[in-house]
A.B. asks: 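Supplied in structure tokens, the structure appears directly below.
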Amino acid sequence: MKYSRGDLDLLGALAALLRRVDPVPPDVIADAMAAGLRLTSREPRLASWTLDVAWLVPE
Amino acid sequence: MRELIHRASRGDEEAWHELVHRHASVVWSVTRAHRLRGADAADASQNTWAALAEHLPRLRDPDRVAGWLATTARRECLRILLQGRREVPLEQIEIGTYEEPAVLRTARDKLLWQAFATLPARCRQLLGLLAHAPELTYVQLSRALGIKVNSLGQTRGRCLDVLRRRLILLGGGPE
């Protein structure tokens, strides 16, 4: 996908604005970090883990 | 990016934090595009990151992780919406109210927000995601937002043009 310099400047300004107007909540960031570390470090999972990863992940 | 993914998949905390910081806005913007809010948006986001952690060692193209996250986030959003058979009334969407947020500090910010807020919903969804991940391909965008890939180029160009024109009309032309 190609962009002009003006397009990229506009999208950059929009990204900065959206990060302030609708930021990812800190607890969502913290949960993402905790979940990822738990799984990548191969800690035992909770028995209630029901996420259907096979269905979720793109091909 | 390949090195970052490799380190994260081996449980490197710093690498995983870097991944989350780089792409959290992409996942979040997809949840917003699907009108999820509150706990649903948080669940969709967390499940997407958990799915990435699961899938990291098998990620076929680490350079396209933003697209992978966007597509996975959409599927998770759809799953949550289908599970609850929820339809969120437009007026309940936090960002959908488009009242002028208090965080707008400069006149330029206010003009850009006004111009963005009056775009059609499809343009807000598309530009809201592209702003955080302009590197996404048409196919990835199509999968993330459920827009036909054939129309994406035209839609993207039109949305950017409309945003630019509205900015100019409001008195906030190019700097």
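Numbered from 1 within each chain, the chains take letters A, B, ... in sequence-line order.
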A.B. asks: Please tell me if the side chains of Leu160(B) and Leu11(A) come closer than 4.5 Å, counting only heavy atoms from C-beta onward.
C.D. replies: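 In contact.
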A.B. asks: How many angstroms lie between CG in Asp27(A) and CD in Gln46(B), if you round to the nearest 0.5 Å?
C.D. replies: 9.5 Å
A.B. asks: Grab the two heavy atoms, one from Ala131(B) and one from Ala15(A), that are nearest each other, plus how far apart they are.
C.D. replies: O-CB, 3.3 Å
A.B. asks: Would a 4.5 Å heavy-atom cut-off, applied to side chains only, mark Asp109(B) and Arg20(A) as touching?
C.D. replies: yes
A.B. asks: Is there side-chain contact between Trp28(B) and Pro23(A), with at least one heavy-atom pair below 4.5 Å?
C.D. replies: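 Of all side-chain heavy-atom pairs linking Pro23(A) with Trp28(B), none is under 4.5 Å.
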A.B. asks: If I measure from the heavy atoms of chain A, does Thr137(B) come under 4.5 Å with its side chain, its backbone, both, or neither?
C.D. replies: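 Just its backbone gets close to chain A.
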A.B. asks: How close do Ser25(B) and Arg19(A) get, heavy atom to heavy atom, and via which atoms?
C.D. replies: OG-NE, 3.8 Å
A.B. asks: Is Ile29(A) close to chain B through its backbone or its side chain, or both, or neither, when contacts mean heavy atoms under 4.5 Å?
C.D. replies: both
A.B. asks: Give the cluster check for Leu169(B) versus Leu119(B): same hydrophobic cluster or not, with ILVMFWY residues linked at side-chain heavy-atom distances below 4.5 Å.
C.D. replies: no
A.B. asks: To the nearest 0.5 Å, how far apart are CG in Leu18(A) and CZ in Arg124(B)?
C.D. replies: 11.0 Å
A.B. asks: Go through the atoms of Leu136(B) and report whether side chain, backbone, both or neither lie under 4.5 Å from a heavy atom of chain A.
C.D. replies: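 Contact with chain A: backbone only.
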A.B. asks: Tell me, with the steps shown, if Leu14(A) and Phe116(B) meet side-chain contact (heavy atoms from CB on, under 4.5 Å).
C.D. replies: CA-CA 8 Å; Leu14(A) 191 57; Phe116(B) 180 71; 3.7 Å; yes
A.B. asks: What are the two closest non-hydrogen atoms of Val28(A) and Ala42(B), and how far apart are they?
C.D. replies: CG2-CB, 3.7 Å
A.B. asks: Inspect the contact between Asp7(A) and Arg156(B) and indicate whether a charged nitrogen and a carboxylate oxygen are less than 4.0 angstrom apart.
C.D. replies: no
A.B. asks: Should Val27(B) and Val24(A) be marked as a side-chain contact (heavy atoms from CB on, under 4.5 Å) after you check the CA-CA gap, both sets of side-chain angles, and the distance that decides it?
C.D. replies: CA-CA 9 Å; Val27(B) 175; Val24(A) 186; over 6 Å; no
A.B. asks: Could you tell me if the side chain of Leu130(B) sits less than 4.5 Å from the side chain of Tyr3(A), heavy atoms only?
C.D. replies: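 Yes - at least one pair of side-chain heavy atoms lies under 4.5 Å apart.
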